[in-house]
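Note that ligands are numbered from 1 as they come in the structure, with each ligand's atoms numbered from 1 the same way. Numbers here are sequence positions counted from 1. Everything numeric in this text was worked out from a predicted model, so none of it was measured.
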Amino acid sequence: MSEPFRFQLQAKDGAARLGAITMPRGTIRTPAFMPVGTAATVKTLTMDQVRGTGADIILGNTYHLMLRPGAERVARLGGLHEFARWPHPILTDSGGFQVMSLATLRKLDEKGVTFRSHIDGAKYEMSPERSIEIQGLLDSDIQMQLDECVALPAAYAEVERAMELSLRWAERCRIAFGDQPGRAMFGIVQGGAEPALRERSALVLKAMDLKGYAVGGLAVGEPQQVMLDMLEVTCPLLPAEKPRYLMGVGTPDDILKSVARGIDMFDCVMPTRAGRHGLAFTRRGRVNLRNARHADDHRPLDEESDCPAARDYSRAYLHHLIRAQESLGAMLLSWNNIAYYQNLMQGIRDAIGSGTFVSHAEKISASWAQGDI
Ligand SMILES: O=c1[nH]cnc2c(CCNCC3CCCCC3)c3[nH]c(NCc4cccs4)nc3cc12
């Protein structure tokens with residue numbers, strides 16, 4: 001087989017890139033949005049529904065899966081693809097970010113992070129090596145290094161300490177990962193909102209010649225413009241022929257503006273989490289279906305959509321389901337939102353391919369501002 005992990009750049013439009021990552025389990029068209037599959041499920045949806053929206057890759061969540069059902073058990077059951085019946089590529093995070101946001105009694109030092117499970121209080125130690133081992137047990141296709149992400153704003157010294165630690169952990173993850181044909185390990189650029197620290201992080205990681213690079217430490221409380229400024233500092237320093245993954249981003253507007261600055265991959269809990277709370281993303285902006293104004297509205301969310309959740313159900317019905325806290329409501333809105341994000345990405349890919357990305361982005365943004373939808 002040709003090289004088992006290959007990123008092909010197919011077109012550029014300004015700094016925006018059209019590409020494809022070819023892996024043994026399938027091809028990932030970029031720019032790509034990766035639905036978050038937390039506990040081996042994209043919440044409320046079957047994998048057939050997720051695939052039907054056009055997703056090429058989903059995220060697996062190392063933190064949740066190592067606690068329950070356990071990485072060794074998933075391995076005994078044939079790995080995450082078999083367990084969750086998703087035969088296409090899976091990217092797993094290191095588990096570190098969720099330790100810092102979900103676990104209790106967390107301690108972080110040179111060795112790694114130690115914490116107690118938020119489920120049963122059991123004690124765990126996660127080193128860079130153990131994180132890579134767990135991701136391997138999950139049979140993950142793209143594995144993320146263990147890193148330390150600092151919330152912003154933060155003091156320069158604190159950002160520098162976390163960035164340098166993350167570089168040492170990247171090297172330990174690179175060694176632990178070794179050479180696994182058909183799989184990839186991505187490094188994560190840190191450095192907060194400090195250009196000098198972003199530059200050092202990007203250049204040291206670039207020298208490690210990894211298969212892909214994430215931009216971390218953003219979408220953690222800073223204004224959107226600060227995030228975009230850091231992309232303009234970081235992306236040009238990363239190898240053009242490797243994929244770039246902006247972690248935890250974001251709204252459709254964040255995605256358009258980040259693609260314009262050279263990002264190829266995104267993940268965000270927003271479409272599924274917002275869906276479960278009654279918020280629908282549509283081509284004409286966001287609709288909060290908890291609002292009583294929808295109670296008699298027989299229109300669907302988007303009669304032109306290829307997603308049944310957007311096309312076949314009235315807003316009145318969706319409003320009723322959400323108010324009644326019926327699980328069908330959460331499912332239909334999650335389905336609509338994931339489909340919306342995948343259609344957004346397809347439109348972005350088409351526009352880059354035809355050299356019309358700037359006007360496409362302007363048209364998309366203008367359609368959101370249409371007011372009453
Ligand atoms: O530097 C980072 N290193 C590692 N992970 C990061 C993440 C988590 C990305 N999604 C993981 C998923 C794995 C599977 C389960 C769901 C998460 C981030 N998310 C955000 N913003 C969105 C945010 C979400 C919550 C607080 S900020 N910035 C992030 C920065 C980093």
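No part of Met144 comes within 4.0 Å of ligand 1, judged by heavy-atom distances. Heavy atoms of Gln190 found under 4.0 angstrom from ligand 1 belong exclusively to the side chain.
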Run His118 and His64 through ring-ring contact (aromatic ring centres under 6.0 Å, His included) and show every step you take.
CA-CA 10 Å; His118 71 287; His64 282 87; 5.8 Å; yes
- Message: One pair to check against salt bridge (charged side-chain N to carboxylate O under 4.0 Å, His left out): Arg261 and Glu232. What are the steps and the verdict?
- Response: CA-CA 6 Å; Arg261 290 162 174 81; Glu232 292 188 9; 2.8 Å; yes
**Asked** So Lys111 and Glu125, salt bridge (charged side-chain N to carboxylate O under 4.0 Å, His left out) or not? Walk me through it.
**Response** CA-CA 9 Å; Lys111 282 196 313 294; Glu125 293 189 2; over 6 Å; no
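Ligand 1 places these atoms under 4.0 Å from at least one heavy atom of Val269: 16 (C). In the vicinity of Gly217, heavy-atom distances shorter than 4.0 Å reach the ligand 1 atoms 1 (O), 2 (C), 30 (C). For ligand 1 and Leu59, the ligand atoms under 4.0 Å from any heavy atom of the residue are 12 (C), 13 (C). Taking every heavy atom of Val36 and a limit of under 4.0 angstrom, the matching atoms of ligand 1 come to 14 (C), 15 (C), 16 (C).
Nearest-heavy-atom check against atom 2 (C) of ligand 1 across Leu152, Val215, Leu246, Asp147 picks out Asp147. For atom 13 (C) of ligand 1, the nearest non-hydrogen atom from the set Thr272, Ile58, Asp93, Val249 comes from Asp93. Taking all heavy atoms of Thr38, Val220, Asn61, Ile188 into account, the minimum distance to atom 14 (C) of ligand 1 is reached by Asn61. In the candidate list Leu218, Asp267, Leu91, Asp254, Leu218 is nearest to atom 29 (C) of ligand 1, counting heavy atoms.
In this structure, a donor-acceptor pair under 3.5 Å is absent between the side chains of His360 and Asp350. Using modelled atom types and a 3.5 Å distance limit, the side chains of Ser334 and Asn337 yield no donor-acceptor pair. A side-chain donor from one of His88 and Arg51 sits under 3.5 Å from a side-chain acceptor of the other. Asp253 and Gln224 share a side-chain donor-acceptor pair at under 3.5 Å.
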